[in-house]
Student: 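Have a look at the structure that comes next, please.
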Amino acid sequence: MTFIKNKEDFKCEKCGHEVVGDGYTNHCSQCLWSKHVDIYPGDRLNKCGGHMEPIGVTKKGQEYTIFHKCTKCGFEKPNKANKDDSFSMIIQVIAENFK
Ligand SMILES: [Zn+2]
Ligand SMILES: [Zn+2]
């Protein structure tokens, strides 16, 4: 899999949080929403641009994976959670899955 390191900061269009990019950041650390901009992680070549909702979280060892679903085209994609992601938000997404 190709992973292009693309360090950039961005402002979350969902909650307005200023996300500081570390090169791998592809979702907001506060609300966990992402944006459908990649074909391969980090390439920013996807023209969809839809907002991606966090629909689920799985835990493997110490690592959390957030599943994002594009609200525009329905594309689903797993993303590794970052260490500075809001843990209460992760818990909330997990809780919503058990409703
Ligand atoms: Zn946000
Ligand atoms: Zn999309």
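Both ligands and their constituent atoms are indexed starting at 1 by order of listing. The first residue in the sequence is number 1, and the count goes up from there.
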Student: Looking only at N, O or S atoms in His36, which is nearest to the Zn ion (ligand 2)?
Tutor: ND1

Student: Could you please compute the angle at the Zn ion (ligand 2) from SG of Cys48 to SG of Cys73, rounded to 10°?
Tutor: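 SG of Cys73, the Zn ion (ligand 2) and SG of Cys48 span an angle of about 120°.
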
Student: Salt-bridge test for Glu18 and Lys11: reply yes if a basic N is under 4.0 Å from a carboxylate O, no otherwise.
Tutor: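 Yes, Glu18 and Lys11 are salt-bridged.
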
Student: side-chain contact (heavy atoms from CB on, under 4.5 Å) with Cys28: which of Met89, Lys35, His17?
Tutor: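 It is His17, the one option of Met89, Lys35, His17 that forms the side-chain contact (heavy atoms from CB on, under 4.5 Å) with Cys28.
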
Student: Looking at side-chain heavy atoms only, is the closest gap between Cys31 and Cys12 below 4.5 Å?
Tutor: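 Yes. Closest side-chain heavy atoms under 4.5 Å.
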
Student: Quick one: angle Cys15 SG - the Zn ion (ligand 1) - Cys12 SG, to the nearest 10°?
Tutor: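 Approximately 110° at the metal, rounded to tens of degrees.
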
Student: Indicate if the distance from the Zn ion (ligand 1) to the nearest N, O or S atom of His17 falls below 2.8 Å.
Tutor: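 No - counting backbone and side chain alike, His17 has no N, O or S atom under 2.8 Å.
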
Student: Hey, can you tell me if His36 and Phe75 have their rings parallel, tilted or perpendicular (30° and 60° cut-offs)?
Tutor: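 Ring orientation of His36 relative to Phe75: parallel.
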
